[in-house]
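The structure under discussion appears below in the form of structure tokens.
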Amino acid sequence: MDELHDAAAALAKARTVVVFTGAGMSAESGVPTFRDALTGLWARYDAQALATPQAFADDPDLVWGWYEWRRSLIERVHPNLGHEAVAAIEDRAPRTVVVTQNVDDLHERAGSRAPIHLHGSSFAPRCAGCSRPAPVTASREPEEGRRLAPPRCGDCGGLIRPGVVWFGEALPGDALEAAVQAATECDVLLTIGTSGLVHPAAEIPVVAARFGATVIQVNPQPTPLDEVAAISLHGTAATVLPALVA
Ligand SMILES: CC(C)NC(=O)[C@H](Cc1c[nH]c2ccccc12)NC(=O)[C@H](CCCC/N=C(/NCCC(=O)O)S[C@H]1O[C@H](COP(=O)(O)OP(=O)(O)OC[C@H]2O[C@@H](n3cnc4c(N)ncnc43)[C@H](O)[C@@H]2O)[C@@H](O)[C@H]1O)NC(=O)OCc1ccccc1
Ligand SMILES: [Zn+2]
């Protein structure tokens with residue numbers, strides 16, 4: 001497949017690389033994606049009923065229980081060969097910035113230095129009232145779909161919420177700014193395992209292309225990002241990425 005060869009050549013000579021990842025990056029580790037037909041979280045749960053401030057206001061135990069179930073799942077799985085290849089790219093290219101939409105910590109566990117989490121993390125709970133960071137307690141491994149009362153804030157008594165960005169909430173300004181900055185400066189942007197449907201994150205590869213970067217997509221399926229990808233490698237993260245850095 002000469003596309004793989006062309007992609008490897010572009011990556012090898014790049015000075016600044018952005019690696020932009022979505023749920024597909026962690027799929028082969030056993031973390032469900034969102035939109036995949038049967039296995040995707042949104043195929044089994046209603047995003048509006050679980051990943052919005054209104055959902056948490058209406059039923060905090062349902063939402064907290066769901067995020068604690070997802071956190072316990074993440075704690076039980078491991079980074080895959082794709083995550084390890086991303087960490088290898090960081091060691092090779094003079095400057096690499098990892099930008100992820102994922103709330104898991106698999107990039108960090110694979111050795112990535114400081115991935116930018118555009119949509120927050122499952123390991124950064126805070127008070128919904130005063131925003132004071134809350135301690136990350138050992139997960140009580142709730143069964144799937146079970147309600148769990150959120151802990152209370154030690155300062156104001158408010159409910160503790162997951163440290164993720166819900167639909168309708170603004171992304172962390174510093175993270176978004178750093179991601180856009182890196183996209184305007186990179187030679188190569190790798191977009192891996194994202195459907196490119198959630199905004200403003202999905203604009204990052206578009207910005208990179210607009211500033212002249214070579215966009216390389218890794219995804220078994222076509223996505224709207226096909227438009228800006230110079231090379232689309234139709235395979236999985238854990239199979240294509242090791243071949244790309246071999
Ligand atoms: C759904 C979409 C239409 N809606 C949005 O984008 C909304 C609204 C919106 C804003 N601007 C717009 C412009 C146009 C249209 C809509 C909007 N955006 C927002 O609400 C954002 C916030 C969005 C963030 C939401 N939070 C998440 N996550 C954290 C929580 C949680 O995780 O529970 S989004 C969540 O879903 C997204 C899922 O997308 P993907 O990661 O791409 O995953 P998906 O399952 O879709 O696809 C997986 C892909 O992988 C591939 N794949 C599968 N297996 C593999 C494999 N093995 N290897 C490789 N690839 C693989 C598949 O083929 C597939 O293509 C991720 O971003 C993930 O983080 N906030 C905001 O706009 O605030 C305003 C504002 C501004 C200022 C002040 C106040 C308010
Ligand atoms: Zn508080």
Side-chain angles (χ1 to χ4, degrees), residues 20-56 63-64 66-71 73-74 80-83 85-86 99-104 117-122 124-134 150-173 175-176 190-206 217-226 232-242:
F20 179 67
T21 69
M25 182 79 231
S26 299
E28 290 153 287
S29 294
V31 180
T33 66
F34 289 77
R35 277 178 189 76
D36 281 340
L38 302 171
T39 57
L41 286 170
W42 297 155
R44 290 150 53 191
Y45 302 98
D46 168 7
Q48 294 314 315
L50 290 162
T52 62
Q54 194 53 50
F56 187 68
V63 173
W64 183 256
W66 189 60
Y67 279 95
E68 284 297 277
W69 167 69
R70 287 174 59 189
R71 174 168 75 111
L73 186 153
I74 292 166
N80 61 56
L81 295 176
H83 294 105
V86 169
V99 177
T100 188
Q101 298 168 78
N102 300 342
V103 295
D104 65 52
H117 284 268
L118 288 178
H119 295 161
S121 160
S122 288
R126 66 175 190 271
C127 173
C130 69
S131 294
R132 178 172 172 263
R152 292 268 172 190
C153 170
D155 256 18
C156 75
L159 288 179
I160 300 302
R161 57 159 287 170
V164 301
V165 178
W166 281 325
F167 289 98
E169 287 189 320
L171 277 56
L176 185 57
L190 269 174
T191 175
I192 306 163
T194 184
S195 57
L197 295 173
V198 174
H199 294 263
E203 273 126 48
I204 299 291
V206 179
Q217 178 171 226
V218 178
N219 194 317
Q221 306 292 330
T223 76
L225 294 171
D226 291 20
S232 279
L233 304 172
H234 295 298
T236 72
T239 55
V240 170
L241 293 172

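Keep in mind it's a predicted model, so treat the numbers as computed, not measured. Indexing begins at 1, ligand by ligand and atom by atom, following the structure's order. Every heavy atom of this structure was used, including side-chain atoms; hydrogens, water molecules and symmetry mates were not.
Near Glu28, with a cut-off below 4.0 Å to any heavy atom, the atoms of ligand 1 are 56 (C), 57 (N), 58 (N). Near Gly193, with a cut-off below 4.0 Å to any heavy atom, the atoms of ligand 1 are 48 (C), 49 (C), 50 (O), 59 (C), 60 (N). Numbered from 1 in the order shown, with element, the atoms of ligand 1 that lie under 4.0 Å from a heavy atom of Thr33 read 45 (O). Of all atoms in ligand 1, numbered sequentially from 1 with element shown, those under 4.0 Å from a heavy atom of Glu169 are 21 (C), 22 (C), 70 (N), 71 (C), 73 (O), 80 (C). For ligand 1, the atoms sitting less than 4.0 Å from at least one non-hydrogen atom of Gly22 are 41 (O), numbered in the order shown with element in parentheses.
Taking 4.0 Å as the cut-off, Ala201 does not count as a neighbour of ligand 1 on heavy-atom distance. The closest approach between Arg70 and ligand 1 falls below 4.0 Å for a heavy atom of the residue. For Pro220, the heavy-atom gap to ligand 1 drops under 4.0 angstrom.
Atom CH2 of residue Trp66 and atom CD of residue Glu68 lie 12.5 Å apart, to the nearest 0.5 angstrom. Once rounded to the nearest 0.5 Å, the distance linking CZ of Arg126 with CZ of Arg132 reads 14.0 Å. How far CD of Glu28 is from CG of Leu81: 8.5 Å, rounded to the nearest 0.5 Å.
With atom 27 (C) of ligand 1 as the reference point, the heavy atom nearest to it among His199, His119, Gln221 is part of His119. Considering only non-hydrogen atoms, atom 67 (O) of ligand 1 lies nearest to Gln101 out of Glu203, Gln217, Gln101, His234.
The main-chain N or O of Gln101 is never found under 3.5 Å from a side-chain atom of His117 such that the two would form a donor-acceptor pair. In this structure a side-chain-to-backbone donor-acceptor pair under 3.5 Å is missing from Asn102 to His119. Looking at Ser26, its side chain never comes within 3.5 Å of a backbone N or O of Ser29 through a donor-acceptor pair. With Asn219 contributing its side chain and Ser195 its backbone, the two residues share no donor-acceptor pair below 3.5 Å.
Looking at Asn219 next to ligand 1, an N or O pair under 3.5 Å apart turns up. Inclusion of Ala23 in the set of residues having an N or O under 3.5 Å from an N or O of ligand 1 is warranted. Where the criterion is an N or O separation shorter than 3.5 Å, residue side chain and backbone included, Ala51 fails it with respect to ligand 1. Residue-to-ligand polar distances keep Val103 apart from ligand 1: every N/O pair is separated by 3.5 Å or more. Not one N or O of Gly235 is nearer than 3.5 Å to an N or O of ligand 1, by distance alone. The distance criterion of under 3.5 Å between nitrogen or oxygen atoms is not met by Val164 with respect to ligand 1.
Residues Pro222 and Asp226 share a closest heavy-atom pair of CB-OD2, 3.4 Å.
Residues Val63 and Arg161 have side chains not in contact (no heavy-atom distance under 4.5 Å, counting atoms from C-beta outward). Contact check for Pro150 versus Tyr67: no side-chain heavy atoms found under the 4.5 Å cut-off. Residues Thr194 and Thr223 fail the side-chain proximity criterion, which asks for heavy atoms closer than 4.5 Å.
With a 4.0 Å heavy-atom cut-off, ligand 1 is reached by the side chain of Ala27 but not by its N, CA, C or O. Only the backbone of Leu197 comes within 4.0 Å of ligand 1, counting heavy atoms alone; no side-chain atom from C-beta on gets that close.
Rounding to 10°, one obtains 120° for the angle at the Zn ion (ligand 2) between SG (Cys156) and SG (Cys130).
In summary, of the residues considered (Leu233, Thr191, Thr21), a side chain to side chain contact (heavy atoms under 4.5 Å, CB included) with Val218 occurs for Leu233 alone.
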